[in-house]
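Letters A, B, ... are given to chains in the order of the sequence lines, protein chains preceding strands, and every chain is numbered from 1.
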Amino acid sequence: MHSAFGALVIDHYENPRNVGSLDKEQKNVGTGLVGAPACGDVMKLQIMVDDNGKIVDAKFKTFGCGSAIASSSLATEWVKGKSLDQAGTIKNAHIAKELSLPPVKLHCSSKY
Amino acid sequence: MVQKCLTSSLNGVGLTLDRSQGLSIRASSIWMVQRRLCSTSSRCWNCNAVLSNDQFQKSPFFCFSCHGIQPVDENISHFQRMECKTNYDLDVSRLQKFFRELQSKLHPDRFSQKSEREQSFSAGQSSAVNKAYRTLLRPLSRGLYMLELAGYPVEEGDSDVDPSFLMEIMELNEKLSELNDLDEIKKIGDVNAEKLKGLMKELSIEFESKNYEKAREVLMRLKYYANIDDKVRDKLGTSTV
């Protein structure tokens, strides 16, 4: 049934990491919102940055499909502990590759 | 004329008429190629009657002469198939009535005693009519289809919309996912339904004035509210799917 998807994507979908919200009013919290008009889904990704520019926490919420959930979950895992510059180098293609998303689901990872 | 067209059609698809080798291409494929290339006329596969465009537009399903079912014309729009004007505002009850009438004539069940070719034409016509009906019935899919026809499709990977709008949608989604009180959910649903109504009015105006860029923006917002509407229905157990 899940033949088109890899085990990792299913794991991130079934047990998404870092779901939730950070206080967007806080000065060291950055909030990003992206929509996908073609499917009407919206997702939010937040990071908390310390004084040295290191990402100490990351949370996401998405009301999208399973691939979008898995992509968000993996992205939050990856950015935690990285500097802003390092995190900026993450591309959706990396995430899609790591999760072995089928081509049709590439757009679900393309928010990054 | 038809003969000339047919020959040029065959050349067009890399085939030549060669008596020694015989010609093994199915009549239905010839028919389709021919219809594509010759805008003036084509012939009924069954009785060979010339189907002029005028006659064909009156009934793209059956031959006017022998009443035999014809293969699907892929080149007509959903609107043409359902005999509607290409307008965003359409008479839904007429569409529903026309759909039922068509399906009662085209459904494969009616062709179970007919030839294999007619069965396959009926299956094709019936499914094309289904698709046209489903696309035109709901305002959202009808609008998206009209944008496609006009060359302004909403595509995967499009991202736009202003952040404050996305925040509103995000918060609506968050609120809805946490709510269990049916009355509260219904309230959100009612407010959302009003928003949908307003956007559909806007959409109708933009399509009417052929302002497709603007129609596209409105439709994108509409899609987000339509998703909320689906979620409200899911929660209230009134899902129409």
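- For B:Phe79, the CZ atom sits in a packed shell: over 12 heavy atoms of surrounding residues, nucleotides or ligands are nearer than 6.0 Å.
- Counting non-hydrogen atoms of neighbouring residues, nucleotides and ligands closer than 6.0 angstrom, the NZ atom of A:Lys54 reaches no more than 12 such neighbours.
- Among A:Gly40, A:Ser21, A:Gly32, the residue with the largest count of heavy-atom pairs under 4.5 Å with chain B is A:Gly40.
- When atom types are taken as modelled, the side chain of B:Tyr224 and the backbone of A:Ala36 share a donor-acceptor pair closer than 3.5 angstrom.
- When heavy atoms are compared at a cutoff of 4.5 Å, B:Asn173 approaches chain A by way of both its backbone and its side chain.
- Looking at B:Glu171, only its side chain comes within 4.5 Å of chain A, counting heavy atoms on both sides.
- Counting heavy-atom neighbours within 6.0 Å of B:Glu208 CD, excluding the residue itself, gives a total of 12 or less.
- Taking the side chain as every heavy atom from C-beta outward, B:Asn227 and A:Asp41 approach each other to under 4.5 Å.
- The CG atom of B:Leu176 lies 8.5 Å from the CZ atom of A:Phe63; values are rounded to the nearest 0.5 Å.
- At most 12 non-hydrogen atoms from other residues, nucleotides or ligands lie less than 6.0 angstrom from CD of B:Glu116.
- In this structure, the side chains of B:Glu174 and A:Lys44 come closer than 4.5 Å at one or more pairs of heavy atoms.
- Of all non-hydrogen atoms in A:Thr62 and B:Met170, the two that sit nearest each other are N-CE, 4.5 Å.
- Contact between B:Lys223 and A:Pro37 at its shortest, heavy atoms only, is CG-O, 3.4 Å.
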